[in-house]
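Everything below concerns the one structure shown next.
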Amino acid sequence: MAGAALRRLMAEYKQLTLNPPEGILAGPVDEENFFEWEALISGPESTCFDGGVFPAKLVFPPDYPLSPPKMKFSCDMFHPNVYPDGRVCISILHAPGDDPTGYESRSERWSPVQSVEKILLSVVSLLAEPNDESPACVDAAKMWRENKPEFERRAVRLVRYTLGLPPP
Amino acid sequence: MDPPTTTPPPSPPTHDDPTTPSSMVTTSLTPSEQDDLTIKQTQEIELEITTTTPLITPHPLPLGPTLLPLYTSDPIYTSKVHTICKTFTKIRRTRPDGNCFYRAVLFRLFEVGCEGEEFHKKLEDKWKSWKGVLVEAGYTQFTVEDFYDHFGESLSTLTTSTPPLDLPSLYFTSPATCDYLTVFLRILTAAELTRNSSFYSNFLTTAPTMEEFTKLEVEPMGKEADHLQISALAAVLGVGIKIIYMDRGEDSEELVEHLFPEGEGEYPIVLLYRPGHYDLIY
């Protein structure tokens, strides 16, 4: 069904180009290969990630949209729900049976009527409101919970780094 | 699963803490590694089910000889199988992967569609009306149209000709083909629940809103169907579904059956429910 996956990805790309959601840019890295996308996510306003532009890669399986894509930030990230290697851990990227941290039974899951746009919007919400019940990065979750000012300082450093600015 | 074999710690054995479980070795893994292991184990279990059970059995099997050996030491279930065998004779088993209800309904719809031109025509007319149902429920077109089109194309291949179509190998062998059709029934069920949510919401018990219910319990693959999903699917299909219940309740000589919709109509789709699983029976 790779043909169906390709059709769907092309339709999603077209939709994202015609009606881009605020703060999100996404599309195939190379128009010859629709199964690998790059996305740019703006840090949500009035949060410590405000002003940052965070690049990420999305890799789609051949049976997309039956199975979800994988998403990984390609910049340094320090966030409770992002693994130290950049992989994003969010329930919308997981099929129902697939709950690695065991805390997602009541959260929104992947289903074939989700889309790249919905994933990216969920990731923006996640930047604004980390979910520290199911941390992928324990250090970040701990700091978020116990020392928010320090967490925010780290976030601001990341924001400046993504913009090519020197640390404050 | 056997615990992983590990080198014992260098300290001499003590009897101070006999309760330390061997699983403590996992604490040396990072959360990322632990999560990877969880995912791997889940995938192994799924793979085992996938390789040992077909999506649907290619031929109906005799009901008694198929079920009785499963319950040799269980007098309640054995007696219930005997009761069911008075009315039904055959069973078509489905893979227990959480999609069994939708797949069983799908198979029987196609099968009845091949048995009579009238039913086939009715299904095709219904299919045309479902486009409006999906729009009414507010689905974004590109997320549903492929599933809608694929379902329609498959419906149009049904025929009453002889030899009969080999439905199991055409549509129920490759998971990608079958899942595409199954997804459509999930979307259709969710759409019916959404557009008539003022009615169906009265029966919600596990989610605060219909939107949340369809997102959590209907649209994702692998989520089993319960009363609400069955009522909605039977309603939107316009095809009666009868469920024969077999559980550990009172030993009864009578069939326990639920009709969707309730009434005196026809029920071309008959499913046998055993806790957590649906099979087709005839």
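Predicted, not measured: the structure shown is a model, and the values here were computed from it. Note: hydrogens, waters and symmetry copies are ignored here, and every other heavy atom, side chains too, is used.
Atom CD of Glu136(B) sits in a crowded spot, with more than 12 heavy atoms from other residues, nucleotides or ligands closer than 6.0 Å. Taking a 6.0 Å sphere around CD of Gln141(B), one finds it holds 12 or fewer heavy atoms contributed by other residues, nucleotides or ligands. Heavy-atom contacts from other residues, nucleotides or ligands closer than 6.0 Å to CZ of Phe203(B) number more than 12. When the shell of 6.0 Å around CD of Glu124(B) is examined, it contains more than 12 heavy atoms from other residues, nucleotides or ligands.
Contacts between Asp179(B) and chain A at a heavy-atom distance below 4.5 Å involve backbone atoms as well as side-chain atoms.
Atom CD in Glu219(B) sits 14.0 Å away from atom CZ in Arg109(A) (nearest 0.5 Å). Rounded to the nearest 0.5 Å, atoms CZ (Arg7(A)) and CG (Asp149(B)) are 8.0 Å apart. To the nearest 0.5 Å, the span separating CZ on Arg186(B) from OG on Ser111(A) amounts to 9.5 Å.
Residues Phe184(B) and Pro112(A) form no side-chain contact, since every pair of their non-hydrogen atoms from C-beta on lies 4.5 Å or further apart. Using a 4.5 Å heavy-atom cutoff, the side chains of Arg87(A) and Asp36(B) are in contact. Counting heavy atoms from C-beta outward, Pro220(B) and Trp110(A) have side chains that stay 4.5 Å or more apart. Counting heavy atoms from C-beta on, the side chains of Glu33(B) and Tyr83(A) never come closer than 4.5 Å.
Among all heavy-atom pairs drawn from Phe142(B) and Arg8(A), the shortest one is O-CD, 3.7 Å. Closest approach of Ser115(A) and Thr143(B) over heavy atoms only: CB-CG2, 4.5 Å.
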